[in-house]
**Q** 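Have a look at this one before I ask anything.
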Amino acid sequence: MARSETLAPRSVLITGASGGIGAALARAYAGPGRTLVLQGRDTQRLAAVAEGCAARGARVLTKVLDLRDRVALVAWLQSVSHAEPLDLVIVNAGVNTSIGADGAGESWVAVEELIAVNVLAAMATVDAVLPAMRARRSGQLALISSLAAYYGLPVTPSYCASKAALKAYGEAIRGWLAGAGVRVSVVMPGYVESQMCRQMPGPKPFLWSADRAAQRIRRGLLRNRARISFPLPLALGTWFLAVLPPTLSERILALLGYRG
């Protein structure tokens, strides 16, 4: 049996599965002999994703849950981990906020909700599923960060901060869990077609479809890549923003149209 076949997950849990990347990932992993555990907040959209995945032969379990309720989230994840030996958990759910078209600034209520979902719920998800993986000495975690984690964009400061936190957290636990049989990858997409992406202000260069992004993520996870970042031109550009002198990076972003 090929090594790629032995690493292919049989059971996959995806948070935020009713959104663009999450739904595309669910479709990418759907197939006979595979169990998908899908979480989302939108009942109708989640049901549509589940129906499509079941039509491809997958066994599908769904959970409608607001991830801001971390007590309910942890209880559900612990129950699932006990019932299903999860091979892959994709921590994908996320929300966004911005300074607004008039540059007035972010709503504090929206910022608190963003941190609750993008950071606290993400880390709580890892914490809840990890004990079972460590006990089996097998499993994989994928944390969906963003290329925005490299350098904060003036139009979406809290979103960038949350994704930077997730990037650092994922890189740290990869090193911690390296000898425990649990693989960890940080996924750093650029702009991917979705409702959330459409709502983000500023230009969106090198826009990818959600299905294309899902296939890139799946290949990277199969290879246990520490960091899965795409598209290459934007990944290089954002990385350079992080290493250039800040005054120069600020000028570049202003010239590109990312203005406060």
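Just so you know, these numbers come straight off a predicted model, no measurement behind them.
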**Q** Quick one: which residue pairs count as a salt bridge (charged side-chain N to carboxylate O under 4.0 Å, His left out) with a foot in residues 49-61, not counting sequence neighbours?
**A** R59-E84

**Q** With clusters defined by side-chain heavy atoms of hydrophobic residues (ILVMFWY) lying less than 4.5 Å apart, directly or transitively, does L256 cluster with L236?
**A** no

**Q** Let me check something: do V37 and V74 share a hydrophobic cluster, defined by ILVMFWY side-chain heavy atoms less than 4.5 Å apart, either directly or through other members?
**A** no

**Q** Would you confirm whether R27, through its side chain, and G52, through its main-chain N or O, come within 3.5 Å as a donor-acceptor pair?
**A** no

**Q** Using a 4.5 Å cut-off between side-chain heavy atoms of Ile, Leu, Val, Met, Phe, Trp and Tyr, which other residues end up in the same hydrophobic cluster as I90?
**A** V12, I14, I21, L25, Y29, L36, L38, L46, V49, V60, V64, L88, I144, V187, V192, W208, I217, L221, I228, F230

**Q** Do you know which two heavy atoms are closest between Q39 and A93, and how far apart they sit?
**A** OE1-CB, 4.3 Å

**Q** Rounded to the nearest 0.5 Å, what separation is found between the CG atom of L241 and the CD atom of E250?
**A** 10.5 Å

**Q** Which atoms form the tightest heavy-atom contact between P246 and Y151, and what is the distance?
**A** O-OH, 3.7 Å

**Q** Work out which heavy atom in V182 is nearest to a heavy atom in S138; give both atom names and the distance.
**A** CG2-O, 4.4 Å

**Q** Is a side-chain N or O of N92 found less than 3.5 angstrom from the main chain of T15, in a donor-acceptor match?
**A** yes

**Q** Test L114 against V111 for side-chain contact (heavy atoms from CB on, under 4.5 Å), laying out the working first.
**A** CA-CA 5 Å; L114 181 146; V111 170; 5.6 Å; no

**Q** When clusters are formed by joining ILVMFWY residues with side-chain heavy atoms under 4.5 Å apart, either directly or through shared neighbours, do V243 and I252 land in the same one?
**A** yes

**Q** Enter the distance from L143:CG to S185:OG here, rounded to the nearest 0.5 Å.
**A** 9.0 Å

**Q** Out of curiosity, N224 CG to Q140 CD, how far, rounded to the nearest 0.5 Å?
**A** 6.0 Å

**Q** At their closest point, which heavy atom of G170 faces which heavy atom of V184, and how far apart are they?
**A** O-CG1, 3.5 Å

**Q** Which residues satisfy the salt bridge (Lys or Arg N to Asp or Glu O under 4.0 Å) test with E193, sequence neighbours excluded?
**A** R198

**Q** Could you check if a side-chain atom of T97 sits within less than 4.5 angstrom of a side-chain atom of S107, using non-hydrogen atoms only?
**A** no

**Q** Drop me the distance from R219's CZ to L222's CG, to the nearest 0.5 angstrom.
**A** 10.5 Å

**Q** Is M123 linked to V71 within one hydrophobic cluster, defined over Ile, Leu, Val, Met, Phe, Trp and Tyr using a side-chain heavy-atom separation of less than 4.5 Å?
**A** no

**Q** Is it the case that more than 12 heavy atoms not belonging to R136 sit under 6.0 Å from its CZ atom?
**A** yes

**Q** Strictly by modelled atom types, are S158 and E106 linked by a side-chain donor-acceptor pair under 3.5 Å?
**A** yes

**Q** How long is the straight-line distance from CD of E113 back to CG of L120, given to the nearest 0.5 Å?
**A** 12.5 Å

**Q** Any heavy-atom pair between the side chains of P189 and L147 that's under 4.5 Å?
**A** no

**Q** Can you name the closest pair of heavy atoms from L73 and L65 and give their distance?
**A** CA-CD2, 3.6 Å

**Q** Taking all non-hydrogen atoms of both residues, which atom of S229 and which atom of R216 are closest, and how far apart?
**A** O-NH1, 4.2 Å

**Q** L166 versus V186: any side-chain heavy-atom pair under 4.5 Å?
**A** no

**Q** State the OG-CG distance between S18 and D42, to the nearest 0.5 angstrom.
**A** 5.5 Å

